[in-house]
Chemist: 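Below you will find the structure I want to go over with you.
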Amino acid sequence: MKLVLSLLVSGVAALAAGTEAKVKLPNSSADLLRGQKLFQVHCALCHGPKGEGQRGPMLTRAKLSRAPDDAALLKILEDGIRGTEMPGAGAMSDREMRQTAAYVRSLGKVAMKPVPGDAAHGAEIFRGKGNCAGCHSIHGEGGVAGPDLSGIGESRSAAYLRESIVNPGAAVPEGYLLVTVVPHTGPRVTGVRVNEDSFSIQIRDSTGRSYSFWKKDLAQVDKQRGKSPMPSYQGQLSDAELTDLVAYLASLKEAK
Ligand code: HEC
Ligand code: HEC
């Protein structure tokens with residue numbers, strides 16, 4: 001039944017994509033310039049002024065995993081991506097969305113600079129000296145306290161990766177909010193917020209242990225925005241080691 005349903009759904013999606021495949025993005029230099037301005041206003045905050053990536057992934061890529069064609073790209077701009085920080089384009093007109101989309105596509109046509117460093121040595125630091133694998137998985141191997149990094153090289157620039165290692169607080173995704181709760185009785189607990197509603201909050205500490213609290217039992221809930229559960233490696237790794245580590249991360253691609 002599930003299979004039939006998913007076949008049906010993908011069939012409908014293919015049909016929809018088929019009819020929308022006629023989407024044509026404007027490509028005059030005036031349109032691109034307008035798209036660039038719109039991008040600065042609506043997108044640069046999360047994707048960086050040149051699309052190099054910040055809270056949102058870098059967009060200077062020939063292929064965007066969630067926007068394989070222009071119809072899909074327009075749909076993302078219009079509706080956002082549900083369950084993520086990527087918002088829908090609220091106040092933009094249809095024409096403005098197309099101009100912005102055209103600018104996004106132009107970003108992908110600029111050749112990427114090769115990332116310097118010795119990726120093989122970086123892989124050793126990742127598993128050894130840096131103990132990064134204790135918290136991060138790559139293709140199913142490693143810890144789960146931090147995000148899976150299997151395809152990180154496809155969505156993050158070298159500059160962003162370096163910054164993440166020396167200054168992890170710079171861009172902490174919503175899913176890794178660090179909180180400290182102080183119960184009326186019993187010890188305080190610090191960890192990553194896994195879930196929260198009006199009545200309760202669930203936390204996972206750095207050892208992987210999970211806690212659930214009723215809010216009525218808590219004297220205080222302290223949310224440490226801008227602070228990462230990941231330690232900074234500033235001064236822990238040499239400049240050459242950092243370069244090799246970044247080269248390794250930049251080489252990671254989602255297995256096809
Ligand atoms: C509040 C932050 C934020 C803003 C503002 C924002 N984005 Fe995003 N965007 C994200 C995040 C986060 C993702 C990644 C979502 C995911 O897949 O987990 C994303 C994903 C995308 C993707 C898909 C990339 C891929 O890898 O396939 C595109 C394209 C995109 N954004 C374009 C835009 C454009 C164009 C604008 C401006 C109109 C914009 N975004 C504004 C946060 C933002
Ligand atoms: C104690 C666990 C822990 C260790 C050890 C750790 N990390 Fe992290 N890392 C995290 C958490 C949690 C996040 C998510 C919060 C954030 O972005 O600051 C993260 C985020 C990241 C990101 C950003 C991912 C993104 O898409 O924004 C990168 C890159 C990264 N870590 C690489 C590394 C590398 C390389 C090492 C080893 C030198 C390392 N981490 C060691 C827990 C850890």
Side-chain angles (χ1 to χ4, degrees), residues 23-81 84-117 119 122 147 149-174 176 226 228 234 239 242-254:
V23 168
K24 199 164 168 351
L25 297 179
N27 60 6
S28 76
S29 52
D31 285 313
L32 283 180
L33 203 62
R34 182 82 190 111
Q36 181 178 21
K37 293 225 169 82
L38 289 162
F39 188 89
Q40 296 311 317
V41 175
H42 296 280
C43 324
L45 172 72
C46 292
H47 291 285
K50 296 193 183 109
E52 68 275 27
Q54 237 299 323
R55 269 159 74 193
M58 95 178 136
L59 299 175
T60 51
R61 291 181 282 149
K63 285 204 181 107
L64 297 173
S65 41
R66 311 195 68 152
D69 56 40
D70 293 341
L73 178 56
L74 278 175
K75 184 115 182 75
I76 287 182
L77 296 206
E78 195 172 352
D79 301 341
I81 302 174
T84 79
E85 288 181 80
M86 172 67 202
M92 267 199 249
S93 71
D94 188 56
R95 182 174 169 74
E96 288 175 325
M97 263 188 283
R98 283 164 190 262
Q99 289 167 325
T100 311
Y103 175 68
V104 169
R105 282 301 185 219
S106 76
L107 290 173
K109 296 199 178 103
V110 184
M112 296 237 311
K113 275 195 247 126
V115 178
L149 299 180
S150 304
I152 195 79
E154 289 174 310
S155 62
R156 299 304 194 183
S157 67
Y160 178 100
L161 292 169
R162 201 181 180 92
E163 180 76 0
S164 304
I165 300 168
V166 294
N167 184 14
V172 181
E174 257 309 287
Y176 291 92
S228 173
Q234 179 90 59
D239 203 54
L242 263 176
T243 300
D244 293 348
L245 194 51
V246 168
Y248 170 60
L249 295 174
S251 75
L252 294 172
K253 306 261 179 293
E254 211 70 73

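Here, residue 1 is the first one in the sequence, and each next residue gets the next number.
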Chemist: Nearest heavy-atom pair of Ala67 and Ala72: which atoms, and what distance?
Modeler: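 Taking Ala67 first and Ala72 second, the nearest heavy atoms are CA-CB, 4.0 Å.
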Chemist: Who pairs with Asn167 by side-chain contact (heavy atoms from CB on, under 4.5 Å), at least two apart in sequence or on another chain?
Modeler: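 So Asn167 forms a side-chain contact (heavy atoms from CB on, under 4.5 Å) with Glu163, Ala170.
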Chemist: Can you list everything that forms a side chain to side chain donor-acceptor pair (under 3.5 Å) with Asn27? Sequence neighbours excluded, please.
Modeler: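 Asn27 satisfies side chain to side chain donor-acceptor pair (under 3.5 Å) with no other residue.
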Chemist: If a pair satisfies side-chain hydrogen bond (donor to acceptor under 3.5 Å, both in side chains) and one of its residues is in residues 49-63, list it, with sequence neighbours excluded.
Modeler: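 For residues 49-63, and leaving out neighbouring residues, the side-chain hydrogen bond (donor to acceptor under 3.5 Å, both in side chains) pairs sorted by first residue read Arg55-Glu85.
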Chemist: Can you list the residues that meet the side-chain contact (heavy atoms from CB on, under 4.5 Å) rule with Pro147, with sequence neighbours excluded?
Modeler: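 side-chain contact (heavy atoms from CB on, under 4.5 Å) check on Pro147 returns His136, Tyr176.
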Chemist: Which distance, rounded to the nearest 0.5 Å, do you find between the CG of Leu245 and the CD1 of Ile165?
Modeler: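 Leu245 CG to Ile165 CD1: 4.0 Å, rounded to 0.5 Å.
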Chemist: Taking the side chain as C-beta and beyond, is there a heavy-atom pair between Met58 and Ser155 under 4.5 Å?
Modeler: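 Heavy-atom side-chain distance check fails, nothing below 4.5 Å.
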Chemist: Could you tell me which residues satisfy side chain to side chain donor-acceptor pair (under 3.5 Å) with Ser150, sequence neighbours excluded, listed by chain and number?
Modeler: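 Per chain and number, Ser150 pairs via side chain to side chain donor-acceptor pair (under 3.5 Å) with Asp148.
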Chemist: Specify the closest pair of heavy atoms between Leu249 and Ile152, including all atoms of both residues, with the distance to one decimal.
Modeler: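 Scanning both residues, the minimum pair turns out to be O-CG2, 3.4 Å.
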Chemist: The criterion is salt bridge (Lys or Arg N to Asp or Glu O under 4.0 Å); which residues satisfy it with Arg95, sequence neighbours excluded?
Modeler: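 Salt bridge (Lys or Arg N to Asp or Glu O under 4.0 Å) list for Arg95, sorted by chain: Asp31.
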Chemist: Among residues at least two apart in sequence or on other chains, which ones pass side-chain contact (heavy atoms from CB on, under 4.5 Å) with Ala250?
Modeler: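 With sequence neighbours excluded, Ala250 shows a side-chain contact (heavy atoms from CB on, under 4.5 Å) to Val115, Leu161, given in chain and number order.
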Chemist: So which heavy atom on Thr100 is nearest to which on Met92, and how close?
Modeler: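 Looking at all heavy atoms of both residues, the closest pair is OG1-SD, 3.5 Å.
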Chemist: Do Arg66 and Lys75 make a side-chain contact, defined as non-hydrogen atoms from C-beta onward lying under 4.5 Å apart?
Modeler: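 Not in contact.
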Chemist: So Val23 and Leu73, side-chain contact (heavy atoms from CB on, under 4.5 Å) or not? Walk me through it.
Modeler: CA-CA 10 Å; Val23 168; Leu73 178 56; over 6 Å; no
Chemist: Is there a side-chain contact (heavy atoms from CB on, under 4.5 Å) between Leu64 and Ile76 once you walk through the steps?
Modeler: CA-CA 11 Å; Leu64 297 173; Ile76 287 182; over 6 Å; no
Chemist: Taking all non-hydrogen atoms of both residues into account, name the closest pair between Met97 and Leu77 and its distance.
Modeler: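 Scanning both residues completely, I find the closest heavy atoms to be O-CD1, 3.7 Å.
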Chemist: Kindly write out the residues that satisfy salt bridge (Lys or Arg N to Asp or Glu O under 4.0 Å) with Glu78, not counting sequence neighbours, or none if the list is empty.
Modeler: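 Per chain and number, Glu78 pairs via salt bridge (Lys or Arg N to Asp or Glu O under 4.0 Å) with no residue.
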Chemist: Partners of Ser164 by side-chain contact (heavy atoms from CB on, under 4.5 Å), sequence neighbours excluded?
Modeler: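 Applying side-chain contact (heavy atoms from CB on, under 4.5 Å) to Ser164 gives Tyr160.
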Chemist: Kindly state each residue pair satisfying side-chain hydrogen bond (donor to acceptor under 3.5 Å, both in side chains) with at least one member in residues 101-111, sequence neighbours excluded.
Modeler: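 Listed by first then second residue: Asp70-Arg105.
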Chemist: To check you understand the geometry: which heavy-atom pair defines the closest contact between Lys253 and Glu154, and what is its length?
Modeler: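 Minimum heavy-atom separation between Lys253 and Glu154: CD-CG, 3.6 Å.
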Chemist: For a quick test of reading the model, state the closest non-hydrogen atom pair linking Ala119 to Ser251 and the distance between them.
Modeler: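 Scanning both residues completely, I find the closest heavy atoms to be CB-OG, 4.4 Å.
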Chemist: For residues 34-41, which side-chain donor-acceptor pairs fall under 3.5 Å, sequence neighbours excluded?
Modeler:
residue: Arg34; atom: NH2; partner: Glu96; partner atom: OE2; Å: 3.3
residue: Gln40; atom: NE2; partner: Pro49; partner atom: O; Å: 2.9

